[in-house]
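Remember, predicted model here, so these are calculated numbers, not experimental data.
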Amino acid sequence: MKLIEALTLAAENAAAADLPRFEVALVCGFTPLHLQTFLTAHLRRRRPDRRVDVRTGLFGDIHGTLRGLVDDRAEATVLVLEWPDIDARLGIRDLGGWSPRQLPDVVEHAAKWLDQLLQLAREVADASPVIVSLPTLPLPPVFFTATWQLGMFEAELKAALWRFAAAAVAHPRIRIVNPQSVDLVSPAHGRLHVSGTWAYGFPYHNAHAEPLASALARAVDNAPPLKGVITDLDDTLWAGIVGDDGVDQITWDLYHHTQEHGLYQQLLSTLSEEGVLVAVVSKNEPAVVDAAFARDDLLIRRERIFPFEIGWGSKANAVARVLAQWNVSAEHVVFVDDNPTELEEVRSAHPTLQCVRFPHGDPQGVYDVLTRLRDLFGRAALSEEDTLRLDSLRAAAAASGAADQSEGHSEALLEHADASLVLDFTKDANDSRAFELICKTNQFNLNGRRPTERGWVEYLNDPQTFLMTAKYRDRFGALGKIAVIAGRARDGDVRVETWVMSCRAFSRRIEHQCLKALFDRFGAAQVSFAFEETPKNRPMARFLSSLHGGAADVPVSAAVFQAACPRLFHRVVYKDAAPAGA
Amino acid sequence: MSDVQTRLTKCFAAVFPHVTPSEIPTATVTSIEGWDSLATVTLMTVVEEEFGTTIEPEELEHLRSFDDYLHRLSGRSEPMTA
């Protein structure tokens with residue numbers, strides 16, 4: 001993006017006065033100038049439904065600006081560090097001396113400054129996300145070693161910086177832009193603008209400011225990872241055509257010059273362990289594929305894949321069946337195949353599905369695909385639910401097989417499911433799973449509202465609000481935390497403002513048990529709902545209407561709920577506080 | 001309007017979106033609200049990008065109007081007569 005495009009986007013953004021604002025605080029030690037413009041433009045591209053407002057503080061006073069942000073209302077804080085912020089002697093605008101005698105003091109001062117910064121960043125991040133860019137500009141020739149040699153003081157300085165980074169990322173709302181990702185798009189020698197630094201205090205060439213702003217905007221946006229990958233087999237998961245070449249002739253190793261397929265298998269296996277759903281769609285004979293997956297040197301076990309769609313029919317139809325079994329929308333899934341024709345067929349049938357060609361025979365191309373997949377599925381931390389996802393899908397399939405499928409599971413199945421629910425009323429703003437559920441759930445979702453991270457923390461800090469999360473397990477396995485309800489309770493009236501439940505938890509009457517818990521806990525005479533219809537929340541509307549036969553936004557009284565509630569078989573455990581009479 | 005004028009007008013319009021196209025050819029530091037030191041640097045950078053040229057910071061004190069930029073980009077040292 002050129003500066004002129006960024007200015008045009010920023011002007012469009014400024015004119016969008018009727019849109020809700022999205023305020024971002026940009027904290028840096030230099031004049032933010034074009035970085036502010038590029039950041040506004042990139043955020044505007046990512047958030048066309050918002051008017052982006054990138055505010056800046058006092059240049060040169062990072063600690064003071066951060067201190068002022070502790071009680072600020074910005075949705076996110078972007079902290080861009082450069083070496084002179086950590087110690088002015090590490091810059092080229094101040095003439096504080098580069099004497100070798102000063103180097104121990106520079107290192108010591110830097111460590112202390114970073115310690116203070118860490119405390120302040122954590123305080124700000126308690127309320128809203130903090131995005132940090134570590135220094136991207138080269139250190140000036142301040143050390144007595146030649147610039148090609150890493151000396152002790154420089155190493156200690158960088159060690160202090162990485163200690164800061166390691167401690168910072170432990171906070172659930174501090175995100176650090178990976179310097180490696182910036183290195184890939186911004187060559188180190190083209191970053192520092194010496195005359196700009198001196199003339200007007202802006203140290204970046206645009207060729208660096210623009211990709212850095214792009215990386216910062218991506219981190220602010222923090223798009224949730226995709227949910228599943230559907231892969232082809234021949235010349236994709238392995239090299240060779242298993243039906244023609246034979247099970248023993250397909251390969252994925254250095255010896256056969258097919259290492260890229262081994263790496264792909266390894267990545268898929270890793271993604272699966274992280275909770276990404278992995279399915280196979282392949283034109284093959286099922287028995288042949290069975291035999292191939294019996295090979296014990298495959299790097300992804302068949303247990304990590306669900307489902308297998310093997311046959312000679314249309315791949316677009318097979319992909320549709322996978323999506324149905326996962327109960328996941330196409331926009332959350334990647335399809336990987338080496339065959340451009342197959343990719344085009346699938347893309348035509350599922351326009352929102354990301355179709356990625358596996359460049360069989362092109363090692364560098366495959367490496368780039370692996371990196372792209374990692375970016376599409378990357379997450380800041382792994383939760384218990386991530387590791388349970390595959391098992392719970394299988395369990396759902398098993399339960400479906402055991403059920404009469406008229407409407408949900410049979411009475412007998414539910415009664416003998418040995419189901420337990422943990423209902424937790426703890427208001428934990430650092431519960432990333434609860435926030436993730438609200439941001440990702442579409443079908444059983446009261447109104448589709450997606451709060452910002454800042455908004456969610458503020459909501460929970462309001463003493464008038466409550467939060468209830470639900471964890472579920474039954475004899476088919478554990479689902480983990482699958483439901484979140486938030487709202488306000490006063491004088492016997494409960495107003496539910498947020499209610500989401502994972503589609504994996506449908507048909508178990510968990511929604512009934514959750515509603516019962518609200519009546520019990522708050523002694524409510526009625527519960528009302530901030531329901532809003534969305535293109536996808538029909539399951540939620542159906543449930544609410546089923547309670548009284550009316551519209552989904554009609555309140556439900558205790559008597560009406562009692563009459564409508566089917567038998568519930570869960571063993572319920574309350575955390576934080578038990579409801580009266582429970 | 002020459003190609004240079006057209007492209008330069010585009011640069012001014014991006015930096016000063018509140019200025020009408022008819023005002024741009026006569027724009028000066030004093031006639032345009034918001035032409036401050038930051039706008040000066042922004043305009044310089046946009047012009048550098050658009051024309052693939054480098055403008056030294058010392059030149060900025062002589063680039064105080066649309067006409068000044070036009071002369072600089074046209075390689076003339078004296079202002080053009082209308």
Identify the heavy atoms of A:Ile4 and B:Cys11 that sit nearest to each other, and give their distance. CD1-CA, 4.0 Å
For chain A, which residues of residues 40-52 of chain B have at least one non-hydrogen atom nearer than 4.5 Å to it? B:Val41, B:Thr42, B:Met44, B:Thr45, B:Val46, B:Glu49
Can you list everything that forms a ring pair (Phe, Tyr, Trp, His ring centres under 6.0 Å) with A:His63? Sequence neighbours excluded, please. A:Trp113
Identify the residues of residues 10-33 of chain A whose heavy atoms come closer than 4.5 Å to a heavy atom of chain B, ordered by number, or report 'none'. A:Ala11, A:Thr31, A:Leu33
Contact listing (chain B partner; residues 194-202 of chain A; heavy atom under 4.5 Å): A:Ser195, A:Ala199, A:Tyr200
Counting only heavy atoms not in B:Arg64, do more than 12 sit closer than 6.0 Å to its CZ atom? no
